[in-house]
Amino acid sequence: MHSFAYKNSALHCEAVNLSDIASAMGTPTFVYSRKTIMDDLSELKEALAPLDAHIAYAVKACSNMAILNLMAKQGVGFDIVSGGELWRVIHAGGDPTRCTYAGVGKTEAEIRYALNHKIYCFNCESENELREINRIAGEMGVKAPVAVRVNPNVEANTHKYITTGTKENKFGVDFSRIEELYATIAAEMPHLYIRGLQMHIGSQLTEVSPFVKAIEKVAPMARKFKELYNIEFWSIGGGIGIIYDGCLASGSAEWWTAHPEQITLKSYAEAIIPLLQPIGLKILVEPGRRLVGNAACLLTTCLYEKKGEAKTFKMIDAGMNDIIRPALYEGYHEIWPVKEHKNDTIVADIVGPICESGDFQAQNREIADVKPGEILAEMSAGAYGFSMASTYNSRPLAAEVLVDGDKWHVIRKRQTMAQMVEDESLPE
Ligand code: LLP
C-alpha cells in the first residue's frame, strides 16, 4: 500500500507536503516514497516465505542509484538487461553474483563484463546467444552459468507491447524446442553449465490466472531439468500489476477490501506456492513495476488552459519525454491537484509541451479544474517513468526526490542545459 494521501487538503507523500517539494525543486520532479517500497518489499518477502524464494528486482523499472542501493540493503538481487544496468547495480552497492542477465541482444563486451563480475546467471533467449556465450567463456577460460528463457505461449491479458510469452513475441525459446536445446547445451557447449530455467510472460498482469497457467505448463519441464541437469533455480519472471485507475484511493486499506478482484502480493503468492513448493527448486521472482510503480508520482505544473471547439486542454510542463507510458501503451495515470479541489471537475485532455499529438498524459479525463500555476501529481509514476525518459525536444531530464518520513533527499538533480549537450561536439 502506498503512502500518498491528502492531509488538510494538501497532497502528501508520507509526512511531506508535495507543494514544498515542488517549490524547492521546481517541476517536473519525480517523488518516491521510501516507506512504500520498503513495505511492499517486506510484504512480498513474507508472502513468499514458504518457498526458497529470491527476489531479483528488475532494474529497468527504475534504475536510480538510490533506489538500487535501497534494494541492495534489503538483500535483494537484481534482474538486469544490459551492461549499463550491471554497472549501476555494482556502483549502487549491489552484489553482481546475485544478478541474472536477461535480454535478446547481449553484446560480446557485455557478456565479458558480466563474466568478469561472476554474475549468477545468463538468462538466454536463443541457441545462437548460447553459442556466443560458450565461445567467449571458452576464450576467458571460465564456465558461464546459463538458463534458457522458455516461451510458454500463454496469453497474459495485458497490453500487446508488454506481452512477452506468446509465439508472436521475440522473447524466449519455443516451449516445444526447449528440451532439445538443453540437450544441445549439455552435449556441445563445454564452457557453459546449466544453472536454471527462466520464463516471463508479460508485464502489468492484473490477475493471477496467467501466472498459474504458465507455471502449470512449465512445471513438468522444471522437474525434468532438475533430474537431468541438476538445475538449481527456476525464475518465474516478473509481471505483477499495480493500480493505475484507483491509485490514490488504493492508499487505504478500505479500498483493498472493496476490490477483492485486484491482484495482491498475497493472492499471487498463495496461487503459486502450492505449484512451486513440491518441485524443490530455488524460485526467483523478478518484480519491477510492483516494487516501485505505486511508490512515486510525477509533480508537474499546469501552464495554460485552452478551450477548443471540441475539447478543453490543460497544458502541463511534463511531456512524453518524462513519462512515455500514455503515448506508448495507452497507459492510464491518475492526475490529482496537490492542493485539493472540491466539486469543480471538468473533462479535459492533459497535454504536454512536446510537438506531437501523441504527447498527452490523459485524454477526455474528468479532473479537477486546475488553473495555470497549480501543481499536479501524476500517480503510479515510479515504474517505467524516469527510466524511459529522454531529452526529446531538448528538454533536460527531470529531477528525482526520495521521501523518508518527514525528510526528503534529492536523488537526482535536474539536468542542466549544459549537461544535456556536454557530449556533443562540432566537427573540426
Ligand atoms: N523480467 C523480465 C525478463 C522482463 O522482461 C521484465 C519486464 C521484468 C522481469 C519485470 O516486469 P515487471 O515486474 O516490471 O512487470 N515499459 C513497459 C513495461 C516493460 C516491461 C519489460 N519487461 C511499461 O511501462 O508498461
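Order of appearance sets the numbers: ligands from 1, and atoms from 1 within every ligand.
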Quiz item: Under the salt bridge (Lys or Arg N to Asp or Glu O under 4.0 Å) criterion, do Arg131 and Glu127 qualify, and how do the steps go?
Solution: CA-CA 6 Å; Arg131 290 198 184 277; Glu127 179 172 340; 2.8 Å; yes
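- Short contacts between ligand 1 and Met388, defined as distances under 4.0 Å to a heavy atom of the residue, involve ligand atoms 16 (N).
- Atom 20 (C) of ligand 1 has as its closest protein heavy atom Tyr384 OH, 3.6 Å.
- Contacts of Ser203 with ligand 1, taken as heavy-atom pairs under 4.0 Å, involve both backbone and side chain.
- Any N or O atom pair closer than 3.5 Å counts here, and Arg290 shares no such pair with ligand 1.
- Of the protein's non-hydrogen atoms, the one nearest atom 19 (C) of ligand 1 is Ile162 CG2, 3.7 Å.
- Regarding atom 16 (N) of ligand 1, its nearest protein heavy-atom neighbour is Tyr329 OH, 2.7 Å.
- Look at Pro287 and you'll find a heavy atom under 4.0 Å from some atom of ligand 1.
- Close to ligand 1: Gly239, with a non-hydrogen atom less than 4.0 angstrom away.
- The shortest N or O to N or O distance between Arg325 and ligand 1 is below 3.5 Å.
- For the pair Arg195 and Tyr229, the cation does not sit on the ring face, since its NZ or CZ is not both under 6.0 Å from the ring centre and inside 45° of the axis.
- Within a 6.0 Å sphere centred on CD of Glu330, other residues, nucleotides and ligands contribute 12 heavy atoms or fewer.
- Counting heavy atoms of neighbouring residues, nucleotides and ligands inside a 6.0 Å radius, atom CD of Glu261 exceeds 12 of them.
- Taking any N or O of Ala383, backbone or side chain, none lies under 3.5 Å from an N or O belonging to ligand 1.
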Quiz item: Which is it for Glu14 and Lys35 under the salt bridge (Lys or Arg N to Asp or Glu O under 4.0 Å) test, yes or no, and what are the steps along the way?
Solution: CA-CA 8 Å; Glu14 302 187 25; Lys35 180 177 184 328; over 6 Å; no
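- For ligand 1 and Gly288, the ligand atoms under 4.0 Å from any heavy atom of the residue are 12 (P), 13 (O), 14 (O).
- Rounded to the nearest 0.5 Å, atoms OH (Tyr113) and OH (Tyr101) are 10.5 Å apart.
- Remark: ligand 1 and Arg289 share an N or O pair separated by less than 3.5 Å (distance only, no angle test).
- Applying the 4.0 Å criterion to heavy atoms of Arg149 picks out, from ligand 1, the atoms 3 (C).
- Proximity to Gly238 (heavy-atom distance under 4.0 Å) selects the following atoms of ligand 1: 9 (C), 13 (O).
- Among protein heavy atoms, atom 8 (C) of ligand 1 sits closest to His200 CE1, 3.4 Å.
- A perpendicular orientation is assigned to the rings of Phe211 and Tyr268, their planes being inclined by more than 60° (bins at 30° and 60°).
- Taking the ring centre of Phe122 as origin, the terminal cationic atom of Lys106 falls outside the region bounded by 6.0 Å and 45° from the ring axis.
- For Glu108, the salt bridge (Lys or Arg N to Asp or Glu O under 4.0 Å) partners two or more places apart in sequence, or in a different chain, are Arg112, Arg135.
- In Asp79, the part holding a heavy atom less than 4.0 Å from any atom of ligand 1 is the side chain.
- Cation-pi geometry between Lys217 and Phe175 is satisfied (NZ or CZ under 6.0 Å from the ring centre, within 45° of the ring normal).
- No side-chain donor-acceptor contact under 3.5 Å links Ser380 and Arg325.
- With respect to atom 1 (N) of ligand 1, the closest heavy atom belonging to the protein is Glu286 OE1, 2.6 Å.
- Annotation: atom 4 (C) of ligand 1 to nearest protein heavy atom, Lys60 NZ, 3.2 Å.
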